[in-house]
There are 2 protein chains.
Amino acid sequence: MEEYQDHSLSGRVFQKIRENILNGKYKEHDELRENTIGKELGVSRTPVREALRQLELEGLVSIVPNKGAYVTGISSKDVDDIYIIRSMLEGLCARWATENITAAQLDELDEIILLSEFHIKKEGGVSADQVTELDGKFHSILYEASNSKILGHVLTDFHKYVQMARKTSVVSEERARKSIREHKQILRAIREKDTDLAEQLANEHIMQVIQNLKKQGYEQTGGENGKD
Amino acid sequence: MEEYQDHSLSGRVFQKIRENILNGKYKEHDELRENTIGKELGVSRTPVREALRQLELEGLVSIVPNKGAYVTGISSKDVDDIYIIRSMLEGLCARWATENITAAQLDELDEIILLSEFHIKKEGGVSADQVTELDGKFHSILYEASNSKILGHVLTDFHKYVQMARKTSVVSEERARKSIREHKQILRAIREKDTDLAEQLANEHIMQVIQNLKKQGYEQTGGENGKD
DNA sequence: CCGTGTATAATTGTATACAATTATACACTT
DNA sequence: AAGTGTATAATTGTATACAATTATACACGG
């Protein structure tokens, strides 16, 4: 989905600006001038404009006609809200996935869990990028398995939104282990066609992430985090 | 929010194309050529491109790099899914609104209900546009009152998505009366700070809409409906 | 006759040019 | 000296021009 994002210039500009908003380089209420950003990235105004228009739809940028584009940003309350909404929707997703998942998708999920366990056993310090990547993959397969374009779309959006917060969250080894254990439980419930349990577990799984975030304080949201 | 949509050319092109997708003029898998649409609307390719990029993000259009933009459309299953998701989220919204609503917003809601009752009593045949408009207003105030930018954003999106289906749905006078009655109940629960009840009622309110849609069959989704 | 390759046309991707709007600076009036 | 009006600059909005990619047509070889 949205594969053009990688190939086209506009797509890459879009991703770059979003990244700069999420990692705090562009701060709330900053004015995003088309020329400035274009020169920064070595492109003309056109792809920058397209990117800004898309970001407006995502809610990260607010455009005032004939005036300019301003960073809306994402507050820690927004992150909280997203997790609460996600916990409901991931539950629904697990329910629908239980009803529609294919054997191939079940295999994929198995594979991901195996890989996750491999990566976490491998090193003392957990490889954050790898684990985060696999966690994302696990959920996105569930999105597909739900067989609901709409639900998948919303959840994917949210997922991208909080990816920064998540990257800092899942990094603790303890949490990573628990997360994988939860994934395994969800997968078992799905395999055994226990829709109610799958829903409940997926719901709680996201709630756990919230707990974890709260424990850390996640002040890093919106600040430099050395990624990239 | 998104006020530029009305002023800028790109914004109007965006709305026009979306309308044409939702009302079925542009059908699933249709290729949307920038030049063609531009000539149709009497504008250049630039605003059309911007509009198509935005529509891709909304999921109504799918863009293949260097090839073209294709209508994704919205199936009746999509509409079903949206209502189910909405019923959960409207519940959450009512809960949060109960906790955060202001006196002014309560007054606005009162006003809307009064207006709705006025319009429905006025004529034998219910004025669909008016009632739909007021229904939309009622919900959007609740979105604001929830004090959650994120939740409001998602629900607004969904609302727009299904506005066509809704327009045909709420049109029956019986349903319109019930809908207003449900709004009144929700409002009372909010005013009495009964969060659980508000959530439950808002949830059921959307469920009712689903029931109503199913009863009608809503085959009109995606077909010409003479609006505009 | 079918398939392949090349030339041509059509379409998208990006950059630039021009128009319209908004911000800024500074002189002028009071 | 403060406020206002106008000229100028800066920025956004739209259109057009050019480049790159993809689709189409047709000739050629099998």
Side-chain angles (χ1 to χ4, degrees), chain A residues 1-21 25-73, chain B residues 1-21 25-73:
Chain A
M1 197 187 275
E2 280 139 24
E3 53 173 312
Y4 95 98
Q5 298 281 21
D6 299 325
H7 301 293
S8 87
L9 198 44
S10 323
R12 290 201 298 276
V13 172
F14 171 79
Q15 292 191 114
K16 191 69 197 168
I17 297 177
R18 170 152 72 174
E19 194 181 309
N20 283 338
I21 292 176
K25 182 178 172 190
Y26 299 151
K27 300 187 207 339
E28 189 114 27
H29 302 123
D30 274 7
E31 185 168 357
L32 301 176
R33 266 182 267 274
E34 297 168 358
N35 252 319
T36 311
I37 294 179
K39 273 169 191 160
E40 244 175 72
L41 305 179
V43 300
S44 81
R45 283 176 53 210
T46 310
V48 177
R49 275 185 67 82
E50 291 178 4
L52 289 175
R53 292 303 177 288
Q54 293 182 300
L55 287 165
E56 206 234 351
L57 227 69
E58 279 219 331
L60 286 178
V61 159
S62 151
I63 289 174
V64 182
N66 293 311
K67 290 205 62 187
Y70 304 87
V71 176
T72 297
Chain B
M1 195 186 274
E2 278 138 28
E3 52 172 313
Y4 94 99
Q5 297 281 22
D6 299 325
H7 302 292
S8 86
L9 198 45
S10 322
R12 290 201 298 277
V13 172
F14 171 79
Q15 292 191 116
K16 191 71 196 166
I17 297 177
R18 168 153 73 174
E19 194 181 308
N20 283 338
I21 292 176
K25 182 178 171 191
Y26 299 150
K27 298 185 209 341
E28 187 115 26
H29 301 124
D30 274 6
E31 185 168 357
L32 301 176
R33 264 183 269 276
E34 296 169 0
N35 253 319
T36 311
I37 294 180
K39 273 169 192 159
E40 242 173 72
L41 305 179
V43 300
S44 81
R45 283 175 53 210
T46 310
V48 177
R49 274 184 68 82
E50 290 178 3
L52 290 175
R53 291 303 177 288
Q54 292 182 302
L55 286 165
E56 207 235 350
L57 227 67
E58 279 221 330
L60 286 178
V61 158
S62 149
I63 289 175
V64 182
N66 293 312
K67 290 205 63 186
Y70 304 86
V71 176
T72 298

Exercise. Can you tell me if the side-chain N/O atoms of S10(A) get under 4.0 Å from OP1 or OP2 in dG13(C)?
Worked result: no
Problem set entry | Strand contacts (DNA chain C) in residues 29-46 of chain B, 4.0 angstrom heavy-atom criterion | L32(B), R33(B), E34(B), R45(B)
Problem set entry | Under-4.0 Å salt bridge between R12(A) and E19(A) | no
Check nucleotides 5-9 of chain C against the protein and report each pair of N or O atoms closer than 3.5 Å, with its distance, or say if there are none.
none

Exercise. Within a strict 4.5 Å, meaning less than it, do heavy atoms of the D30(A) and Y70(A) side chains meet?
Worked result: no
Problem set entry | Within-4.5 Å side-chain heavy-atom neighbours: R53(A) and R53(B) | no
For this session: Give, for atom CG of L57(B) and atom CZ of F14(A), the distance between the pair rounded to the nearest 0.5 Å.
Result: 5.0 Å
Restricting to nitrogen or oxygen on both sides, can you table the protein-nucleotides 21-25 of chain C pairs closer than 3.5 Å?
| from | atom 1 | to | atom 2 | distance (Å) |
| --- | --- | --- | --- | --- |
| dA23(C) | OP1 | K67(A) | NZ | 2.7 |

Problem set entry | Presence of salt bridge, E40(A) and K25(A), under 4.0 angstrom | yes
Exercise. Nearest-Å distance, CD (E50(B)) to P (dG13(D))?
Worked result: 8 Å
Exercise. Could you state the interatomic distance from CD (Q54(A)) to CD (E56(B)), rounded to the nearest 0.5 Å?
Worked result: 7.0 Å
Exercise. Could you give the distance from CG (L9(B)) to CG (L41(B)), rounded to the nearest 0.5 Å?
Worked result: 8.5 Å
Problem set entry | Partner nucleotide of dT22(D) by Watson-Crick or wobble geometry (both distances under 3.5 Å) | dA9(C)
For this session: Mind checking the CG-CD spacing from L52(B) to E50(A)? Nearest 0.5 Å is all I need.
Result: 9.5 Å
For this session: Examine distances only and state if a side-chain atom of E31(B) and a backbone atom of G68(B) form a donor-acceptor pair shorter than 3.5 Å.
Result: no
Problem set entry | Nearest-Å distance for atom pair CZ/C1', residues R12(B) and dG13(D) | 11 Å
Seminar exercise, completed: Separation of dA15(C) atom C1' from R49(B) atom CZ, nearest Å, is 12 Å
Exercise. Quick one: are V71(A) and L60(A) in side-chain contact, heavy atoms under 4.5 Å?
Worked result: no
Problem set entry | Rounded distance (nearest 0.5 Å) linking atom CG of N20(A) with atom OH of Y26(A) | 4.5 Å
